[in-house]
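Bear in mind that the values here come from a model prediction, so they are computed numbers and not experimental data. Every chain is numbered from 1, with letters handed out A, B, ... down the list of sequences.
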Protein chains: 2
Amino acid sequence: MTTKPMLADPMPPDIAPIENVPLRVQVADRLRSAILSGRLRPGTGLVETALAEQMNVSRAPIREAIQILENDGLVETIAYKGKRVKPLTAREVAETYSLREVFEVMAVRRILENGAPLDLLREHCDAMTAAAEADDFEALVAADEAFHHALIMLADHDLLLASWKNLYLRIHQIMALRNRDEHNLTEVAGNHPPIVQALADGDADRAVKLISDHTRILAAFDPATIAQDL
Amino acid sequence: MTTKPMLADPMPPDIAPIENVPLRVQVADRLRSAILSGRLRPGTGLVETALAEQMNVSRAPIREAIQILENDGLVETIAYKGKRVKPLTAREVAETYSLREVFEVMAVRRILENGAPLDLLREHCDAMTAAAEADDFEALVAADEAFHHALIMLADHDLLLASWKNLYLRIHQIMALRNRDEHNLTEVAGNHPPIVQALADGDADRAVKLISDHTRILAAFDPATIAQDL
DNA sequence: CACTTATGGATTGTCGACATTACACAACAG
DNA sequence: CTGTTGTGTAATGTCGACAATCCATAAGTG
C-alpha cells in the first residue's frame, strides 16, 4: 500500500460504479461512436498526437484504441503514413449486406433445428408495430435491430453472434451515412411477423426465403449514395 | 539527411526487399506462428515483460502485437490479470466448423451465380491426388487448404475471404493440436473432384450438398481431444 | 480456530521523450 | 524552364520509467 487509504467502502453504494475501464476502451468507444454516427466520415485521417491532446491522454491509449477499431474493420492503417476511417465503397456495402443475409439465414436454420422459443421475437415484432404507429422513427430502427439481434442470439452460436455484431457495426455506419428514407422502413416492419409465423410452423424453406428477401430489401435501401474515395 | 547515405539504388535489385515491417507485426507473426503450430498451447499465459525481454524489444510492440492476435481471436484478455492463449472448447471447435460450412456453401453459390472459371480448382484437385499417391501428408494438407482457399477466392467477395481466413486460423490451430490421423484424410481427397464436377454441371443443389457434407466430415475428424480449461 | 485485515510482489496500464520514416517544398544545376 | 537533389517538418514507431491494480499470503483479532 502506498498512497490511498482505501479502507471502508466495502461496496461503493451505487454511484460511481467503477472507472476501471481502461482508457483505450473509453477512447475506442468514443471514436467508434463518432464513426458510427457519421460524425467522423470515411476517409478522415486520424492523427494520434491531435487526438491525444484533444482527449488529454497519452498517445499509447490512442494507438491501442485505434487498433481496436482496426479490428472492428472501421479503420485502416497505411504504415508510416497514418490511419484513417476506412472508406466505404459501394462494393463493400453490398458485401456487408450479402454476408448479413447468409448469417441470418444460418440463424433461422439453427433456430428451427434447435426448436428455440419464439416469444422474444414476437415481443420485438409488437414493439416495432407500436413504434410504427407512433411514428417514432428512432424506436422503429431500434426495434428492428433488436429483432434481428434476438434472431441471431436464438441461434445459440457464439461465433455467429460475434461475427454478426461486427458486421452490424458497419451497417450502423452505413445507415448513419445515407439519407434516411423513413417511409420505406415502416412498411418493412410488416415483414417480421410472417418470418416468426414461418418459424412457428417449422417451415424451413419459407422462413429462409422470407428472411433472405427481407435482408435483401434492406440492402436495396442503399442507393449507392456512398461514394467515398481518397 | 542524418546518418544513412541512401543514394543510388533506385531499386534494390531483388535482395533485401525491405525490413520496414513494424516490430509489432514481426512479433505478432512469431507469436501467431507459435500458437498455430501448437507450441503455445491454449491457456498459456502471455506475460508482456517476459516476452519483451525474450525478444529484446520494448513492451509497447509486444502489447500491440498481442492485441493483433486478440483481433484474430487467438488471444483473450482478462483485464489487469493478464492475457492468455484463448482456450479451445469443444463447442468453439464445433462452431468454427459449422461457420466454415456456411462460408463455403456461400462461396459455392456465388461461384455458380458468377460463372467463375474452375481451372484453379481442378489444378488443386490434381495436386491433392498426387500428394496422396506420394504419401506426402504435409503436401496433402497444403493442397487441401489451397483448394478451399481457391474456392473462397473464386466467390469474389472480399469480406467473405477475410472472414474465412480469420476462421481458418483457428482451424490451423485445431489441426495442430489434435493427433493427426493420416489415413482418413487421404480418402477425403476424393471428395473434391465431385464438387468441381457439380460446379461444372451448374448443379447448385448437388454442389451445396457435397461441399456441406465434405466440411462436416472434416469437422468430425476432431474427437473432442481438445479439452482445455483454466 | 475462523475470519477479517494489512502487505508484498507481480503484472498490466499510462506517460513523456527519443528515433525513424515519409512526404513536400525549396534550392540548385543543366 | 525542367529535372534533380537536398533539407525540414510532421507523423508514426519504439523505448524506458512510473502509477494503478489485482492476487496470494501473512499478520492480527475475536
Margin query: Tell me whether the rings of A:Trp164 and A:His149 are parallel (<30°), tilted (30 to 60°) or perpendicular (>60°).
Written below: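 Aromatic pair A:Trp164/A:His149 classed perpendicular.
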Take the protein atom [atom1] of [X] and the nucleotide atom [atom2] of [N], then report the distance between them rounded to whole Å.
X	N	atom1	atom2	result
B:Ile66	C:dT11	CD1	C1'	12 Å
B:Glu53	C:dT11	CD	P	12 Å
A:Leu51	D:dA10	CG	P	17 Å
B:Met55	D:dG13	CE	P	19 Å
A:Ile62	D:dG13	CD1	P	14 Å

Tell me, please, which residues at least two apart from [X] pass salt bridge (charged side-chain N to carboxylate O under 4.0 Å, His left out).
X	result
A:Glu48	A:Arg59, A:Arg63
B:Asp156	A:Arg91
B:Glu145	none

Note to self: According to salt bridge (charged side-chain N to carboxylate O under 4.0 Å, His left out), does anything in residues 102-116 of chain A pair up with another residue at least two apart or in another chain? List the pairs.
What the structure shows: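 Residue pairs with at least one partner in residues 102-116 of chain A: A:Arg100-A:Glu104.
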Using atom names, set out every protein N or O paired with an N or O of nucleotides 12-15 of chain C below 3.5 Å, distance rounded to 0.1 Å.
from	atom 1	to	atom 2	distance (Å)
C:dT12	OP1	B:Leu46	O	3.2
C:dT12	OP2	B:Glu48	N	3.3
C:dG13	OP1	A:Arg24	NH2	2.5
C:dG13	OP2	A:Arg24	NH2	3.2
C:dG13	OP2	B:Arg63	NH1	3.0
C:dG13	OP2	B:Arg63	NH2	3.2
C:dG13	N7	B:Arg59	NH2	3.0
C:dG13	O6	B:Arg59	NH1	2.9
C:dT14	OP1	A:Leu23	N	2.4
C:dC15	OP2	A:Ser58	N	2.8

Next item on the list: Quick one: which residue pairs count as a side chain to side chain donor-acceptor pair (under 3.5 Å) with a foot in residues 116-127 of chain B, not counting sequence neighbours?
Entry: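 Pairs touching residues 116-127 of chain B that pass the test: none.
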